[in-house]
Amino acid sequence: MAALSGVRCLTRALVAARSPGAWRSLSTSSVVHAASPNQAEDLRVEGAFPVTMLPGDGVGPELMHAVKEVFKAAAVPVEFQEHHLSEVQNMASEEKLEQVLSSMKENKVAIIGKIHTPMEYKGELASYDMRLRRKLDLFANVVHVKSLPGYKTRHNNLDLVIIREQTEGEYSSLEHESARGVIECLKIVTRTKSQRIAKFAFDYATKKGRSKVTAVHKANIMKLGDGLFLQCCEEVAELYPKIKFETMIIDNCCMQLVQNPYQFDVLVMPNLYGNIIDNLAAGLVGGAGVVPGESYSAEYAVFETGARHPFAQAVGRNIANPTAMLLSASNMLRHLNLEHHSSMIADAVKKVIKVGKVRTSDMGGYATCHDFTEAVIAALPH
């Protein structure tokens, strides 16, 4: 949780500062020295929070456009610094990766779309998306799965949080052919990172007033790897006597989520399990289009959709659901201590869904992405 408190403390200090120079230290030179028609425009640019935007692949650019349109209508004091990184659009290189990293390291906060990873092996096992997360040490992925008022699904009134370690485990990119026709794929589990994600989960539960943490594992089969993860969770749990602690095997967890998801509060798990559970849980409340997500390191915060799908088949068809990205953007504003703007946008999104007149096809409606965005803008208080 150091990432949350560190950035928020910095934000409070900047909000309190009267001098425009306080903002200048956070802005890139291109933003600060941009020519403006008048002094008021200069103050607007210098008084905005700089945020790195990475649209990604698939419908990512369309979703980011929706975010920019809503932010503009709500007069949100955020200045997006847009970069493009894509392995499928020939917009990926070491130079571009370094540009993105430089921007994110300077701004500390980013909003990103899904950077699609091709299945073809071209000499590099680690995708640009994975390398980006590792270089920023974005170890904790948080997905808050919550039912949307007015939108009925098989299970209603759900409210659970999935916390996933995303810098090691099965996604360590360590594979090799040990003999002809024999591939070894290494799963890395370390005490340091297992303890870190466990502490993050219990700190999150404490801060958010949650009562239970469930560690999800497969230690009955992977006795050493998952056994170490489970042991670390048990050790950390002893430091939080007020938080109930349970453990559950991953396959049983999948079944329990479908049958009785209400038993869960906060779930913490290794990388691959978290990826699967994120998507399963998103399906319980409406799918990939409605669940926001975020990733944290000790210094940086990245906001994204909870279930990462490029939805490539929808590109250019104006049918993508911007709900998840708009809610994620709202969470980003809350992280920046822009509570008023955060609540205003989240309330507008939820109002449109609750009324039910404007819904995209994945929610059983006929509205376009543009229609939904315009409805959210219309629902903003004026």
Side-chain angles (χ1 to χ4, degrees), residues 48-49 51 53-56 58-80 82 109-114 143-153 156 158-159 282 285-294 303-311 314-382:
F49 287 83
V51 170
M53 174 178 279
L54 199 60
V59 296
E62 297 173 48
L63 301 180
M64 291 303 179
H65 178 72
V67 170
K68 288 187 283 189
E69 289 296 304
V70 172
F71 273 36
K72 180 180 178 181
V76 177
V78 162
E79 193 76 20
F80 288 117
E82 193 167 330
V109 178
I111 184 168
I112 68 174
K114 167 63 177 173
V143 176
H144 187 182
V145 179
K146 189 173 183 179
S147 297
L148 293 167
Y151 181 57
K152 292 184 178 181
T153 55
N156 296 303
L158 283 182
D159 186 359
V285 295
V290 300
V291 179
E294 52 220 56
F303 296 83
E304 56 196 333
T305 56
R308 301 169 192 162
H309 294 281
F311 200 17
V315 174
R317 296 171 59 192
N318 195 22
I319 61 173
N321 187 347
T323 298
M325 194 62 80
L326 289 173
L327 291 177
S328 184
S330 169
N331 292 340
M332 179 188 75
L333 296 179
R334 184 171 292 108
H335 177 78
L336 292 170
N337 281 333
L338 294 171
E339 294 283 351
H340 171 68
H341 294 89
S342 172
S343 298
M344 185 165 56
I345 291 174
D347 290 346
V349 172
K350 293 173 184 176
K351 180 180 179 181
V352 171
I353 292 174
K354 187 174 184 179
V355 171
K357 292 183 179 179
V358 181
R359 287 182 180 174
T360 48
S361 58
D362 60 317
M363 299 183 76
Y366 301 93
T368 64
C369 180
H370 176 75
D371 292 336
F372 189 92
T373 304
E374 289 298 312
V376 170
I377 292 173
L380 292 170
H382 296 287

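Just so it is clear, the values below take in all heavy atoms, side chains as well, and ignore hydrogens, waters and symmetry mates.
Lys114 is not listed as a side-chain neighbour of Thr305, based on a closest heavy-atom distance of 4.5 Å or more. A 4.5 Å side-chain heavy-atom check between Thr153 and Leu158 finds every atom pair outside the cut-off. Glu294 is not listed as a side-chain neighbour of Glu304, based on a closest heavy-atom distance of 4.5 Å or more. Side-chain contact between Val70 and Thr373 is present, with heavy atoms from C-beta onward closer than 4.5 Å. Side-chain contact between Leu336 and Val76 is absent, with no heavy-atom pair separated by less than 4.5 Å. For the pair Glu374 and Val358, the minimum side-chain heavy-atom distance is 4.5 Å or more. Side chains of Met344 and Leu380 form a contact here, defined as non-hydrogen atoms less than 4.5 Å apart.
The closest donor-acceptor contact from the side chain of Asn331 to the backbone of Phe303 lies at 3.5 Å or more, if one exists at all. The closest donor-acceptor contact from the side chain of Ser330 to the backbone of Ser342 lies under 3.5 Å. When atom types are taken as modelled, the side chain of Thr360 and the backbone of Ala367 share no donor-acceptor pair closer than 3.5 angstrom. At distances below 3.5 Å, at least one donor-acceptor pair connects side-chain atoms of Asp371 with backbone N or O atoms of Thr368.
Ala320 approaches Leu63 most closely through the heavy-atom pair CB-CD2, 4.0 Å. In terms of heavy-atom proximity, Leu338 sits nearest to Val78 at CD1-CG2, 4.3 Å. Nearest heavy-atom pair across Ala379 and Lys351 is CB-CD, 4.1 Å. Between Ile353 and Met363, the shortest heavy-atom contact is CG2-CE, 3.9 Å. Among all heavy-atom pairs drawn from Tyr151 and Asp362, the shortest one is OH-O, 3.8 Å. Residue Ser361 comes nearest to Ile319 through the heavy atom pair OG-O, 4.3 Å, listed as atom of the first residue, atom of the second, then distance.
In this structure, NE2 in His335 is found 9.5 Å from CE in Met332, a value given to the nearest 0.5 Å. Rounding to the nearest 0.5 angstrom, the gap separating the CD atom in Glu62 from the CE atom in Met325 is 11.5 Å. Rounding to the nearest 0.5 Å gives a distance of 5.5 Å between CG of Asn321 and CZ of Phe372. Leu326 CG to Lys350 NZ: the interatomic distance, rounded to the nearest 0.5 Å, is 12.5 Å.
In this structure, the salt bridge (Lys or Arg N to Asp or Glu O under 4.0 Å) partners of Glu82, at least two apart in sequence or on a different chain, are Lys68. Annotation: side chain to side chain donor-acceptor pair (under 3.5 Å) contacts of His144 (sequence neighbours excluded): Asp159, Arg210.
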Show your working on side chain to side chain contact (heavy atoms under 4.5 Å, CB included) between Lys152 and Ser147 and close with a plain yes or no. CA-CA 8 Å; Lys152 292 184 178 181; Ser147 297; over 6 Å; no
For Leu333 and Phe71, run side chain to side chain contact (heavy atoms under 4.5 Å, CB included): C-alpha distance rounded to whole Å, both residues' side-chain angles, the deciding distance at 0.1 Å, then the answer. CA-CA 10 Å; Leu333 296 179; Phe71 273 36; 3.8 Å; yes
